[in-house]
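Reviewing the structure listed below.
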Amino acid sequence: NHPKKLEDSDTDTKLSLSMAKTLRDSMNRKFRDFAQCILDKKSSQTPLIQQAVITLIPILAKFDKSVEHNSSRSTFMNSCSGPSVDFLIESIKDDKNVDASYKSL
């Protein structure tokens, strides 16, 4: 809580806007880090992990609602879409993952 003298003041609004921007930036960084961590697992030889990555790619893309002010692309699209699409295309060639990969793509 802000001190009483700052409530409903111009300073209070500036502090709130600044905090909101800081939180948004922090959450975008955390989301990018998490998405990259998932993509780093795409080369795993464990079928269950590969299946999880294939399943999570569209969920991450859908979940990412954050649009940066100077860009019309979301953080997932900026940092992960190319490697994700490449991975899904390669996974379609794998008989074990063809259905899930095609659906995710």
Should Gln36 and Asp40 be marked as a side chain to side chain contact (heavy atoms under 4.5 Å, CB included) after you check the CA-CA gap, both sets of side-chain angles, and the distance that decides it? CA-CA 6 Å; Gln36 190 58 55; Asp40 288 346; 2.9 Å; yes
So which heavy atom on Leu39 is nearest to which on Pro83, and how close?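 Closest heavy-atom pair between Leu39 and Pro83: CD1-CB, 4.4 Å.
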If you compare all heavy atoms of Ile38 against all heavy atoms of Val53, which two are closest, and at what distance to 0.1 Å?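 Scanning both residues completely, I find the closest heavy atoms to be O-CG2, 3.5 Å.
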same_hphob_cluster(Tyr102, Ile59) at 4.5 Å side-chain heavy-atom cutoff: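 In one cluster: yes.
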I'd like to know if the side chain of [X] reaches the main chain of [Y], judged simply by a donor and an acceptor atom lying under 3.5 Å from each other, with no hydrogens or angles considered.
| X | Y | answer |
| --- | --- | --- |
| Thr55 | Gln51 | yes |
| Gln50 | Ser44 | yes |
| Ser104 | Ile54 | yes |

Interatomic spacing from NZ in Lys93 to CD in Glu90 - rounded to 0.5 Å: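 So the NZ of Lys93 and the CD of Glu90 are separated by 4.0 Å.
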For Leu105, check side-chain contact (heavy atoms from CB on, under 4.5 Å) against everything at least two apart and list the hits.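 Partners of Leu105 under the side-chain contact (heavy atoms from CB on, under 4.5 Å) test: Val85, Leu88, Ile89, Ile92.
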Of all residues at least two apart in sequence or in a different chain, which pass the salt bridge (Lys or Arg N to Asp or Glu O under 4.0 Å) check with Asp25?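 Per chain and number, Asp25 pairs via salt bridge (Lys or Arg N to Asp or Glu O under 4.0 Å) with Lys21.
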